[in-house]
Amino acid sequence: MTTKQKYNLALLVFTVPTLLFFSVIVVFPILQTFQKSFFDWDGLTPATFIGFDNYVRLWGDDDFWVSIRNGLIFALVLVVYQIGIGTLLAIALSTKSLRGKKFFRTSYFVPVVLSGVVVSQLWIAIYNTDGGLINSLLSLFGFNYQQAWLSGEHSSIWAIAFSGAWHHLGIQLVLIYTAIKSIPEQLYEAATIDGAPFWKMHWKITVPLLSEAYKFCLIIAITGGLNAFQNMFVMTNGGPGNISYTLTFMMYKAAFRSGEYGYGSAAAAVLVLECLLFTILINKFVAREKINY
Amino acid sequence: MNNKMKKPALTLMTLSMVALALAACGSNNDNSASSDPSPSASASASASSTPAESPAPEAGSVKLKFYAQYSGVEIPVYDAAKEAMKQIMPEVDVEFEVAAQDDEQKIKTYAAAGSLPDIFFASSGLIETLKKSDNLYVMDDIVKANNIEALLNDSSKPMLWNKDGHSYSVPNVGQWAGIIYYNKELFEQNGVKVPTMYSEMLEAVKAFKAKDITPLAVFAKEKWPAALLLDMAIVGSGDVGGLKKLDNGEGNFSEDAFVKGSQKISELVAAGLISKNAFNTTADDAAAQFASGKAAMYVNGAWSMANIFEKLGDKVDIMYTPLADTAGSWNMSGGGFNQGFAVSKNSKKAEIAAKYAALFSIEFAKQRVIQLADPNSILVEKLVPTNGLNTIQQKYSDDSVNFKTMTTFAWGYENAKFKTFIEDNSQKLLSGQKTDDFISDSNKALETARK
């Protein structure tokens, strides 16, 4: 056996099982979902082929547009909070003069290890209209702005998205922090010698050099936002009505509550395409060139 | 051993093993046949031998899986019914699996996977779904052979039969109405008249709101209470069919009673009917809010009378139709139809399971009266509750003879698409959606649901 043949054999041994495994548990169900989206099927009786009818129905369904809008809002909140605030915190944590770094690092990561249900319950209490933390604080500081945070048509999805963003901030923080730590120290030393102010130094050095990390973080945040389900399931059950629906919730409702698996599959197919679209766009426009130090 | 000897020796050994295996299988079959207490086996056994000679079925030899709401106050009811069944069908032993509160997803998944439990609780909606997919055992013969209909009182007999004329489950509880509980003490202290009709209800809501007391505690995190309130308003506005009528494929939301009912809910909501927090309120939270005096009224089914009386005692009373146009209406919201313990058609012991399910339903109904003081027994037999009926249960028991009509709770709707959208839309109405938008959205959704 030649070296090339040995190399190819090794490649096959290592990749084929993984590819098979990935195909069986990821690719096949996705393809199956696309296939089912062309059928009228209740999950129990034989399915009837109806072509693109489910997609046409989605187009005219109010729930669908509410779900798309809510998914985008959720993604926006995750991007702004987890990546924006995450970057600021990561810069602060990487500053040499900061004391108690370990404590802060651990504190920001603690919510990540909590279950989604626990976090949702915690935020239900915080958002409670009668005596919840936010309304109590507003009242304490003299603001007459008592809100039904989780029931308001305009506040609900933002409130739920913020709880989701808070829950997983730690993961993005760790990614950004690790990326910052990998930036060569001499770049900062040179900037300091040149007299660059602290924020300008990070704006000109840290942020551009984080672009590859940001690419990954953006994909996680945006697809995470579009896929959001657990938070609204526990906090509002999608309601009141459909105001906190996302595509995932719509898929759940169609398949499990209405017994319309074909229609639910169409919603799932749109979700897959939406996530794919954003992933392609991010890959195309963010960190197109590999950074070499 | 040389090569010539090896071949015949191996052949002999193989044949011996096959013979032994066949003998063993045959012996197993014999055993299983003797332990199988199926009626046909019993029948043939009794035909060939005298009763004294026929061996009694071994106690607990038939194991059945029973998917049920084996939780909370109903655990002792299930346990007592199971104990009673040991006298009637000692050969059967059931193992309960606690039903998930999951919009029947788990049981539907069992059905899709072909692994339905032998016996399970099925609502009207689930019966329709499982009927279409041919998963339900038709219990007509069992019901007739065991004279089940004769055990049920007149008002409960229709619950035994599906609209297609067959029986798929034997009812285990009576038809509860949806009612509004109220705190008598709060009404007296605040000088508010107990509403008997809509105009008085609106006044009461305004009066309590002005005193910073939540008029109505509602656990709107669950979707059905919003649908119940809307149904009460529609029934009270002149259409006794309520939302059930639409589920049956008749009418639409533009009809007078539906528009008027929706307007009533909008008006009450605008007057401050519910807490802003209602959509994050669970049943326990709402009950606690009512019990602590923070809310003057509380909406739920009549089944929670024992629980509420335990918390509030003589301070609590019930009202039936405070959303009706006139006082004294006995057209009720709530109820249910053909629902109860059903049997999987694919059960290996379907016939035994069906007999057990049918008789268990009767024992369950008995124990509900004895242990939980059900005031609306489905049985002809008069039973005495261990602790007697409390004040509101007695009132309900006396008044229920006057009930003229009844609709159904949301889980009784047969059209799953209708159920889903009406739960969502009525929640929206309760959260302050304009009536015109509600009517138009609901008509559009109704059209889709009926396709």
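Computed from a prediction, not measured in an experiment: that's the story for all the values here. Chain naming here is simple, since letters A, B, ... match the order of the sequence lines and numbering starts at 1 in each.
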[X], part contacting chain A, at a heavy-atom distance under 4.5 Å:
X         : answer
Ala112(B) : both
Glu423(B) : side chain
Ser426(B) : neither
Lys419(B) : neither
Thr109(B) : neither

Glu153(A) portion near chain B, given a 4.5 angstrom heavy-atom threshold: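 Neither the backbone nor the side chain of Glu153(A) comes within 4.5 Å of chain B.
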Would you call the rings of [X] and [Y] parallel, tilted or perpendicular, where under 30° means parallel and over 60° means perpendicular?
X         : Y         : result
Phe249(A) : Phe233(A) : tilted
Trp149(A) : Tyr127(A) : tilted
Trp224(B) : Trp411(B) : perpendicular

Here's one to test your reading of the geometry: is the NZ or CZ of Arg57(A) within 45 degrees of the ring axis of Tyr263(A) and under 6.0 Å from its centre?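 Checked: cation-pi criterion met.
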Greater than 12 external heavy atoms within 6.0 Å of Phe49(A)'s CZ: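 Buried by this count: over 12 neighbours within 6.0 Å.
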At a heavy-atom distance under 4.5 Å, which candidate from Ala449(B), Ser133(B), Gly125(B) has the highest pair count against chain A?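 The answer is Ser133(B).
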Basic-acidic side-chain contact under 4.0 Å: Lys132(B), Asp42(A):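 No.
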